[in-house]
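Read the structure below first, then the notes.
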Amino acid sequence: QANNAPLVSITGHSAGTVNFLNGPGTVGATNGTGLQFDNADGLYNFNGITTLNGGDAGIDIVNGSAGSFVFNGSTSITNPSGIAFRQDASNASVTYGGTISKNNNANHAVDINGKTSGSTTFARSGGQIAASTDTANAIDLTNTGGSVNFSGGLAITTTSGIGFNATGAG
């Protein structure tokens, strides 16, 4: 995907399983908005190589998404112009095993807001989250319930934002 559009866009999906690359191959975006999930309640498995680098190519799981998402250790998000990983008003259960690299930008590397249940895990199998931001908080957890786990390591630098911010209920 090299155009200014999502690589994957799933909206209002209420059940079922969607598997991406159970074998060799690559899903990649060098522009656009990456992986977009809006009110997605199914099972989503990214089993192959998923590369998001360029434009605003990140992962957005939003608007009541309550599904289960698995991104294996071959997933990488590199320097999108917007938020690299965003979960907003979503109780989805997420396992992210890849790497996130976000350098010198006014947006978060990870932003989880309004999650009242479920678990989101950034697992060690694929690597760490490396963030160097300007004014934005590198990791921003706001009004987050359920559980959020970081087991892959964090390398955080900010100019004037907070490195790891957890505020509100949850």
Side-chain angles (χ1 to χ4, degrees), residues 1-9 26-38 40 46 49-65 69 71-92 94-116 118-170:
Q1 188 350 333
N3 296 313
N4 194 16
L7 172 65
V8 172
S9 178
T26 301
V27 171
T30 58
N31 200 354
T33 55
L35 309 178
Q36 301 293 305
F37 301 94
D38 185 333
F46 286 78
I49 298 169
T50 305
T51 305
L52 304 170
N53 58 0
D56 187 18
I59 297 174
D60 294 306
I61 302 170
V62 300
N63 294 328
S65 291
F69 298 80
F71 302 93
N72 74 5
S74 296
T75 303
S76 64
I77 304 172
T78 307
N79 291 327
S81 59
I83 297 166
F85 180 93
R86 180 172 74 121
Q87 189 174 350
D88 189 27
S90 163
N91 292 326
V94 180
T95 300
Y96 185 90
T99 59
I100 297 174
S101 179
K102 180 83 168 128
N103 294 313
N104 299 320
N105 192 282
N107 284 302
H108 313 296
V110 174
D111 183 13
I112 300 176
N113 177 55
K115 177 182 179 70
T116 59
S119 66
T120 298
T121 300
F122 297 91
R124 179 169 291 287
S125 64
Q128 70 175 6
I129 298 171
S132 177
T133 62
D134 294 331
T135 57
N137 299 336
I139 308 292
D140 199 57
L141 311 175
T142 309
N143 296 321
T144 300
S147 65
V148 180
N149 302 295
F150 295 91
S151 64
L154 299 172
I156 298 172
T157 310
T158 65
T159 301
S160 61
I162 296 169
F164 189 97
N165 183 56
T167 61

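The chain is numbered in sequence order, starting from 1.
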> Below 4.5 Å, heavy atoms only, C-beta onward: do Thr120 and Phe69 meet side chain to side chain?
Replying inline: no
> Counting only N and O atoms by type, is there a donor-acceptor contact under 3.5 Å from the side chain of Ser90 to the main-chain atoms of Ser65?
Replying inline: yes
> Sub-3.5 Å donor-acceptor pair from the side chain of Thr157 to the main-chain atoms of Ser132, do we have one?
Replying inline: no
>> Minimum heavy-atom separation for Lys115 and Ala92, please, with both atom names.
In response: NZ-O, 2.6 Å
>> I need the Thr50 OG1 to Leu7 CG distance, nearest 0.5 Å.
In response: 8.0 Å
> Heavy-atom distance under 4.5 Å between the side chains of Phe164 and Leu141, does that happen here?
Replying inline: yes
> Among all residues two or more places apart in sequence or in another chain, which pass the salt bridge (Lys or Arg N to Asp or Glu O under 4.0 Å) test with Asp56?
Replying inline: none
> Rounded to the nearest 0.5 Å, how far apart are CG of Leu52 and OG of Ser76?
Replying inline: 7.0 Å
>> Between Arg86 and Asp111, does any side-chain N to carboxylate O distance fall below 4.0 Å?
In response: no
>> So, using ring-ring contact (aromatic ring centres under 6.0 Å, His included) as the criterion, who are the partners of Phe85 when residues are at least two apart?
In response: Phe122
> CG of Asn107 to CG of Asp134: how many Å apart, nearest 0.5 Å?
Replying inline: 10.0 Å
> What are the two closest non-hydrogen atoms of Ala57 and Ala29, and how far apart are they?
Replying inline: CB-CB, 4.0 Å
> What's the shortest heavy-atom distance between Pro6 and Gln36, and which atoms?
Replying inline: CB-CG, 3.9 Å
> Between Ala109 and Lys102, which heavy-atom pair has the shortest distance, and what is it?
Replying inline: CB-CB, 3.8 Å
> How many angstroms lie between CD1 in Ile77 and CD1 in Ile100, if you round to the nearest 0.5 Å?
Replying inline: 4.5 Å
>> Show the nearest heavy-atom pair for residues Asn103 and Ser101, with the distance to one decimal.
In response: ND2-OG, 3.6 Å
> Quick one: CG on Asn113 to OG1 on Thr142, what's the gap to the nearest 0.5 Å?
Replying inline: 5.0 Å
> Counting distance only, does the side-chain N/O of Asn91 pair as donor-acceptor with the main-chain N or O of Thr116 below 3.5 Å?
Replying inline: yes
> Looking at Ile83, Ile162, Asn165, which hits side-chain contact (heavy atoms from CB on, under 4.5 Å) with Asp140?
Replying inline: Asn165
>> Measuring from atom CD1 of Ile139 to atom CZ of Phe150, what distance do you get when rounded to the nearest 0.5 angstrom?
In response: 5.0 Å
>> Using every non-hydrogen atom in the two residues, find where Gly163 and Ala138 come nearest and quote the distance to one decimal.
In response: O-CB, 3.3 Å
>> Would the distance check show the side chain of Ser81 and the main-chain N or O of Gly55 forming a donor-acceptor pair, the cut-off being under 3.5 Å?
In response: yes
